[in-house]
Every structure is written in C-alpha cells, then in structure tokens.
There are 2 protein chains.
Amino acid sequence: MARPRKPLLSRDRIVEAASALVDAEGLDAVSTRRLAAELGVSGPSLYNHFRNKDEILDAVADAVSVQVDLSMFDESDPRDWREALHDWALSYRAALAAHPHIVPVLARGPGRRPAGLRVADAVFGAMVGAGWPPAQATRIGALMRYFITGSALGSFAGGFVDDESAYDPADYPHLGQAHLLAERRWEVDEGAFEVGLRALLDGLERQYEEYGASSSPSAG
Amino acid sequence: MARPRKPLLSRDRIVEAASALVDAEGLDAVSTRRLAAELGVSGPSLYNHFRNKDEILDAVADAVSVQVDLSMFDESDPRDWREALHDWALSYRAALAAHPHIVPVLARGPGRRPAGLRVADAVFGAMVGAGWPPAQATRIGALMRYFITGSALGSFAGGFVDDESAYDPADYPHLGQAHLLAERRWEVDEGAFEVGLRALLDGLERQYEEYGASSSPSAG
DNA sequence: ACCTGAACACCGTTCAAGT
DNA sequence: ACCTGAACACCGTTCAAGT
C-alpha cells in the first residue's frame, strides 16, 4: 500500500480507538500492534502521528479532561466558591468514573496536556477570585484532585472479594459483612464520595471563615 | 544446575527483590526475567513460588500495608476516633509515600491481601466502636482511602512541568506561577495533604455531632 | 508525508527435562 | 520439589523501502 492519497490515520482517529480499547479492556490491552490492527493499519504507522505509546495514552487522558465541566467557575458569584467546587467535583468524578482505566495516567498531573491545564487554571483562578490566598488555592486544587482521583482509581467496595470464607473472624473480627460489599458497590462508593466531599467542603468553609476575619475577596 | 539441595529462592526473597526494583525504577522495570536475573536465577524459576507476576506485585503491595501503624485504634479511647484517624492517616500516607510506584496496585483494594484486610478491619472496627453507624463507618474507610491513595498516587506539584513557556497566559491566565510548583513539590503536596486531612476530619466531626444528638457509642 | 515489512531487543508463561 | 533451557505468542520501537 505504502502512502495512500488520503491519510488513513489521524491523531483523532487513533485517540478514539485507543480510548475505546482502554474502556473496554483496560490499559494492558492497549498495545501498538493491537491498536493499529483495530484501525486497519500496521503497528509502526502510529509513529507517524505520535512519538510513542505514552503520548497516545496522554492524549486519551486529556480527552477525558475535556469532558470536565468548568462553567460553574465563571458563571457563579465568586462568593459561591463552595457550590462551584462541589459541582465541579461531581462533574470531574463523573468524567473519570466513565473511564476508570485511564485514571492512573491522568493522576500523574497535567504535564503539558491542554485540557488538564485548563482544569487546573479554572479551579485555581476561581479560588483566588473568591478570596483564598494563592498558596491556599493551590492546596485546594491539590487536595480536591487527591480525593477525586483516589475515588475514581478503584472502587472501594469492589476491592473486597465476594467470598465469605476470605474473612476469617479470628483474623478480621469486624469484617463479617465485608463479603456483601461487592454487590452494593455503586451505593457504597457513591455514598463515600458524597460524605467525603461534604466533609471536605464543610472543613474548608470553616477555614475560609477564619481567613475571612482578616481579609476580603479581591475586586477581580 | 537443576534442583539445588537448598532452595535458591523463597517468596520473601522474591518480594524483597521486587520491592527494591519497584522503588528504584518503577513498575514498568519489573519483568520476570529482570527480577530473576537480579536474584541470580532464570525467569521461569519464579513460577515455583508465585502463580504469576500479578501475585508477586500483590505481595509487594501487601508488604507496604504491613508498615501501616494500627496501634492507635486499640490503644486510644474510642471517643478519640478523630485523633486515631488522623494519626493513622499520617502513618498510611508515610508508608505509601515511601513506595509511590506500587500505589496503583494497592489502590485496587485489599482483595485477599492479609495486611490490607487488617487495615480495613482496624479502621472499620474502631469507627463502629466509636459510635458511628456501620454504614457510615464503611464510608469513612472508603473516603479516607480515596484521599490517602489519591495523595500518594502522584505528586500534585510534580505534575506540572518546570518550563515557564508551557503556560501561555492567553490559554491559562492564572497559571503564571505554575512553573515554580515543581521545585516546591514537597512543601505543596505536604501542605495540601495537611489542609485536606484537617478539613475532612473537621467535616466528619460535624457529622458525628449530628448523629451524637440521637445515639451513643456502643458498649463494645 | 505516510504507510509497509523486516528486524531488534525485549516481554509473560508453559513445559519437558534434569536432579 | 525446584531449577533449567527451549519454545510460543506476544511486546515497543527503529528503519530502509516504497509511493
């Protein structure tokens, strides 16, 4: 075949196929040969569009970050930083939960990924705009990412085996019901995320009030 | 050589070598051949001691969980659940931070790993003992794991590139200082963890007080 | 510019053969 | 029981050759 008149591949087509493969079978299923086969080309063709496999996975991760809604940060009153943070967290988590296998790549940080940087920019900007000191705004961005990526990285409930005999009462006196976790997986994980998010925001609000005694939101 | 009089390998020796390799060069550096070479044997020898590579990595992960201090859960007054949770979180994070490359394996949940199950058992038991309803105790175990593994999975600050030109002000108006994050990495991540942990515990305490109005700690 | 097949240096795992 | 080398079906990536 050699070079066709019209390119068979494009970065977008490769990312699309890689995303589908990651979602369907996990990170380990993505090999350059397998991915190329899925696209109807030979393995080395991919190297005309990406420098290496890691760059492909970075692009897959960034395609997830694009899905994160950021509108709450420019539409709302700066004083509603708590509500904006809450809504953003839900959107972020929903985006990650739809593509759990790519979370480890995403959790490495934005690096040079444009959508990842846009997320960081929006959160930091909104927190500073709401009156948080910059150093504290940075920490908020970090701790929210810790919590959200941690919750998306793996199901808590699904991390326990389904098998009652795995929990010997002599070894684990309090895990007598742990074998039931797996089947209530969604409920447990969702509940934990909600409780944790509320606790985080309550706790941050308390800290904000302490700052509020001595400073006020910037004019913007 | 065939079979030696005294076994050349043991599960412990394999786990030790694998841990060292993971810590020094990351998960990708661990291949069965490389690991075997490090131990002075041929690749297939490992299969006399572990069913497959994943089981080796599981054992490496569990060796990290063993390092997590749980003494605060049986020594303290059940009413001091906040302080116990705080101290446990610090110990857990310290153990993970010392072996960041294995965190993705650990974050899949305890599965059948004994040390992972002991951690879950201790936290759940202590929260129930302190008067939390079991469903809420489960959520606390989950949300703490989200936050702690999320914080250990990758540095927040280190996820930003060092290069000022990566942050075009037209694209990212608030990231003008982001290139400085990498060099203040430890400080930023540690600060975010502390602020987040405090916020979480403050928020949980608030929820606890709401429950406390209508119930009291179990006799145990 | 963009695709190909061949090639290189790797993988995880199985298995018969050795003691 | 515990190690070996050979073998199988894979990897990521480079590169010269084709149009």
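Small disclaimer: the values here were computed from a predicted structure and weren't measured. No hydrogens, no waters, no symmetry mates; every other heavy atom, side chains included, goes into these values. Every chain is numbered from 1, with letters handed out A, B, ... down the list of sequences.
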Q: Between atom CZ in A:Arg34 and atom P in D:dG12, what is the gap in whole Å?
A: 12 Å
Q: Checking B:Glu38 against B:Arg34 for the salt bridge (charged side-chain N to carboxylate O under 4.0 Å, His left out) test, could you report, in this order, the C-alpha distance in whole Å, the side-chain angles of both residues, the deciding distance, and whether it holds?
A: CA-CA 6 Å; B:Glu38 219 89 38; B:Arg34 170 84 189 274; 3.3 Å; yes
Q: Could you pick out which residue, B:Ser31 or A:Leu9, lies toward the 5' side of DNA chain C when each is mapped onto its nearest nucleotide?
A: A:Leu9
Q: Which of parallel (below 30°), tilted (30 to 60°) and perpendicular (above 60°) describes A:Tyr167 and A:His179?
A: tilted
Q: At less than 4.0 Å, is any side-chain N or O atom of B:His49 found next to OP1 or OP2 of D:dC3? Yes or no.
A: yes
Q: Tell me the interatomic distance from A:Asn48, atom CG, to D:dT14, atom P, rounded to whole angstroms.
A: 12 Å
Q: Report yes if at least one side-chain N or O of A:Thr32 is closer than 4.0 Å to OP1 or OP2 of D:dC11; otherwise report no.
A: no
Q: Scan every strand shown for a Watson-Crick or G-U wobble partner of D:dC10, both distances under 3.5 Å, and answer none if you come up empty.
A: none
Q: Taking for each residue the nucleotide of DNA chain C with the nearest heavy atom, is it A:Arg33 or A:Ser42 whose nucleotide lies nearer the 5' end?
A: A:Ser42
Q: Rounded to whole Å, how long is the line connecting atom NZ of B:Lys53 with atom P of D:dC10?
A: 17 Å
Q: Does B:Arg112 form a salt bridge (charged side-chain N to carboxylate O under 4.0 Å, His left out) with B:Asp58? I'd like the steps, not just the answer.
A: CA-CA 9 Å; B:Arg112 299 180 181 275; B:Asp58 260 8; over 6 Å; no
Q: Working to the nearest 0.5 Å, report the span between CZ of B:Arg184 and CG of B:Asp189.
A: 11.0 Å
Q: Taking A:His99's backbone N and O only, do any of them form a donor-acceptor pair with A:Asp23's side chain (distance below 3.5 Å, no angle check)?
A: no
Q: What's the CG-P distance between B:Leu57 and C:dG12, to the nearest Å?
A: 10 Å
Q: Starting at atom OH of A:Tyr47, determine the distance to atom P of D:dG12, rounded to an integer number of angstrom.
A: 6 Å
Q: What integer distance in Å separates A:Arg13:CZ from C:dC2:P?
A: 14 Å
Q: Which whole-number value in Å describes the distance from B:Leu35 CG to C:dG12 C1'?
A: 13 Å
Q: Can you tell me how far P of D:dA1 sits from CZ of B:Arg11, to the nearest Å?
A: 16 Å
Q: Partner of D:dG5 by Watson-Crick or G-U wobble geometry, both contacts under 3.5 Å, or none?
A: C:dC15
